[in-house]
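Residue numbers start from 1 in every chain, and the chains themselves are labelled A, B, ... in the order their sequence lines are given, proteins ahead of strands.
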2 protein chains.
Amino acid sequence: MFDEVADPPTGSRATMKDVANVAGVSLKTVSRVINQEPNVNELLVRRVRDAVQQLSYRPNLKARSLRRLDGRSATIGVLLEDLSNPFSATILRAIEEVATARGVSVLGGSLDESPERERRLTASMSSHRVDGIILAPASPSHEFLAPEQVAGTPFVFVDRPPINLDADHVLSDNRDGTARAVERLLGLGHERIGFLGDDEALWTARERYLGYYEALRVRAIEIDDDLVHLNVHSMTAASALVDGMLALDDPPTAIFTGRNILTIGAVRSLRHHGLESRIALIGFDDFPLADLLVPGVSVVAQEVALIGRRAAELLFNRLDGDRSATQRVVVSTHFIPRGSGEISPV
Amino acid sequence: MFDEVADPPTGSRATMKDVANVAGVSLKTVSRVINQEPNVNELLVRRVRDAVQQLSYRPNLKARSLRRLDGRSATIGVLLEDLSNPFSATILRAIEEVATARGVSVLGGSLDESPERERRLTASMSSHRVDGIILAPASPSHEFLAPEQVAGTPFVFVDRPPINLDADHVLSDNRDGTARAVERLLGLGHERIGFLGDDEALWTARERYLGYYEALRVRAIEIDDDLVHLNVHSMTAASALVDGMLALDDPPTAIFTGRNILTIGAVRSLRHHGLESRIALIGFDDFPLADLLVPGVSVVAQEVALIGRRAAELLFNRLDGDRSATQRVVVSTHFIPRGSGEISPV
DNA sequence: CTGAAAGCGCTTACAG
DNA sequence: CTGAAAGCGCTTACAG
């Protein structure tokens, strides 16, 4: 034997017990050093630290959280629509920032608007015993999460409110943001304003439509069914619908699009008809390079990172013991004029 | 007492033992049912299933992985540059897809080009006992990961190769992709081609520069220092440098930009000078709406999702026991002509 | 086909 | 200031 104490074998990890053996102290002393408890002899601290170094020891969080009274795993779950889209990605990053600062890791997942995936992934998070879950929901009802909530897992909803469940949530002011933008178009003299919206099943799509509806109502302008299209899912569908509206006997002089891919579809159609500088356009959601298009595309922008940050703050407040009533946080949108929304009717 | 067996108290979760009590069977029988082991009496299976339902029982993965021989946590770590940028977000999503199909969850983190964050977050992943780690590295050396690797955690690097560590990696053909694009410009008759590149410390930035360098060398065109700028970090810096190049006595007739934000900076400058249809431009990395600009921006596009998928496949192969030699996977880039790269010199 | 005992790597509660 | 024993919620290895 060349080593005084045998190293643990390759392919397996050093445990606290290995560290104790190498340092010549008890398990409990190692635990004290790792957890920075006071009142440990300097010399022993040093010996433990050296052994940790020598063995590349990493405390096992799974074992720790299994035994600890609070059972915390130092992990939260974040389930969003699609981690590859800029909206979800920005929210995830903002949450990560808050979590990392507290030494908490983030388990992420994409729901793709699938209620079934929502059930599966929340169950998975639950099996991982995450300390809390932030969710941009896909289901028509969240009753099924009640047992998790009762078991002590706090939920914070983002982008859309919970249904049949009492939980904190963070939303944009979809309706007001849209109404104010449509009011701007009305203020310029537009009376025929087209509307393209996403899937009616989505709360955000309905809210944005309601903003449009209310703004017209206030001015006593009747809704023209030829100018309103909901359940538009793609850029190409949006282009085709704008093509159709432009072919009407009485075409719109302005268009409001309820989502960025629909906005881009509208831009393509207007360009195709050479009307991008004649017909006003405002979109909900900012998008990269909107300012580099000609004309620049005016938008109702969401504070996406702020939504993520607020959600994380709410969650950690709950984890810190906040038992106050459920909170709804509404994050303001802001209008960004870039040209396309400032075109007057001819 | 109304219930025959007391439910576990609010705020705590049902355990396998609780399920066993409610179902009137032993712990081991519950374990068999949960893990779908064969040879369990139909009646007992049913009773256990009912108890699971009634108690909203979720198996505790932490406890399971603590005891299991393979110690698998059904979790992998994914550390990328910035989860909010489209490149990282697309990779994460592609990995998530492969992982979810295997019932594995993804712990994500952003490194922000910080070696210190890389150390901290890999250590954190290690404490979570992830089964493997996919990493877009930020450090100048990855020696410090050797102990983790020896302890049995496989690593797969993406976007950049490991340094001082033997590990699988997935890269784009940065150098070739750039060289072929620059050759196209040369083919059009361009001889003065500007180059803007990212931080020289980054492997990708160096490779792309080498592609530019080699393409010119083959044609025996000398590199003009006035036309080459490395360590360009922002869109505004790129704009200013293009402004400067355009003011030269002998300005470039074409520009190659080594990263999408630099490309956008270059577009801004060319527009500002009204030269966007006179001076050719090709950028590395595609970006949204590149086709909607006038002229459309020609790019060398990476197969970003494929990079993520390949990395995940490599990792899971290792977890499935593949002990073959370290692999380097090179994913091809492809050129997308949209107009700006097809402009001939005047 | 079913179950009682031991143990994974830690923390807790307690004794000295 | 230090440590030995029990136990977190599971799976393993074994007995019946």
Side-chain angles (χ1 to χ4, degrees), chain A residues 8-9 11-48 51-52 55-74 126-131 151-152, chain B residues 8-9 11-48 51-52 55-74 126-131 151-152:
Chain A
S12 82
R13 292 178 168 283
T15 67
M16 201 172 258
K17 197 172 158 197
D18 297 321
V19 176
N21 286 341
V22 169
V25 298
S26 76
L27 197 59
K28 178 62 205 174
T29 296
V30 178
S31 175
R32 285 194 178 93
V33 174
I34 296 293
N35 292 295
Q36 315 201 48
E37 288 176 34
N39 303 330
V40 183
N41 185 305
E42 274 292 341
L43 175 65
L44 295 189
V45 171
R46 156 136 304 171
R47 275 178 18 210
V48 169
V52 164
L55 298 173
S56 296
Y57 171 73
R58 304 270 185 223
N60 185 330
L61 290 183
K62 295 183 299 189
R64 167 184 291 175
S65 85
L66 193 59
R67 189 62 183 88
R68 280 212 175 155
L69 291 179
D70 62 14
R72 292 287 169 80
S73 62
S126 176
S127 269
H128 280 290
R129 294 295 188 270
V130 295
D131 300 330
Chain B
S12 82
R13 292 180 167 282
T15 67
M16 201 172 258
K17 197 173 157 196
D18 297 321
V19 175
N21 286 339
V22 168
V25 297
S26 77
L27 197 61
K28 178 61 207 174
T29 296
V30 179
S31 175
R32 286 196 179 91
V33 175
I34 296 293
N35 292 296
Q36 315 200 46
E37 288 175 33
N39 302 330
V40 183
N41 184 306
E42 275 291 341
L43 175 66
L44 295 190
V45 171
R46 157 136 303 172
R47 276 176 21 209
V48 169
V52 163
L55 298 173
S56 295
Y57 171 72
R58 303 271 184 223
N60 186 330
L61 291 183
K62 296 183 298 189
R64 168 183 292 176
S65 86
L66 193 59
R67 189 62 182 90
R68 280 213 173 153
L69 291 178
D70 62 14
R72 293 286 169 81
S73 62
S126 175
S127 270
H128 280 289
R129 294 296 188 271
V130 294
D131 301 331

**Message:** Is any side-chain heavy atom of N60(A) closer than 4.5 Å to one of R13(A)?
**Reply:** no

**Prompt:** On DNA chain C, nearest-nucleotide positions of L44(B) versus R67(B): which is more 5'?
**Reply:** L44(B)

**Prompt:** Along DNA chain C, 5' to 3', what are the outermost nucleotides having an atom less than 4.0 Å from a heavy atom of chain B?
**Reply:** dC1(C) to dG9(C)

**Message:** With rounding to the nearest 0.5 angstrom, report the CD to CD1 distance, Q36(B) to I34(B).
**Reply:** 9.0 Å

**Message:** Can you tell me the base-pairing partner of dA4(C)? Count Watson-Crick or G-U wobble geometry only, both distances below 3.5 Å, and say none if there is no partner.
**Reply:** none

**Fill in**
Mate of dA13(C) across any strand shown (Watson-Crick or G-U wobble, both atom pairs under 3.5 Å) is none

**Item:** Minimum-distance pair of heavy atoms, taken over all atoms of Y57(A) and T15(A)
**Value:** CE1-C, 3.5 Å

**Complete:** Closest non-hydrogen contact found for V130(A) with S73(A) is CA-OG, 3.7 Å

**Prompt:** For A14(A) and R129(B), which heavy atoms make the closest approach, and how far apart are they?
**Reply:** O-NH2, 4.3 Å

**Request:** On DNA chain D, check which nucleotide each of N60(B) and E37(B) is closest to and give me the residue with the more 5' one.
**Result:** N60(B)

**Prompt:** Among V22(B), L27(B), V30(B), which residue meets the side chain to side chain contact (heavy atoms under 4.5 Å, CB included) test with K17(B)?
**Reply:** L27(B)

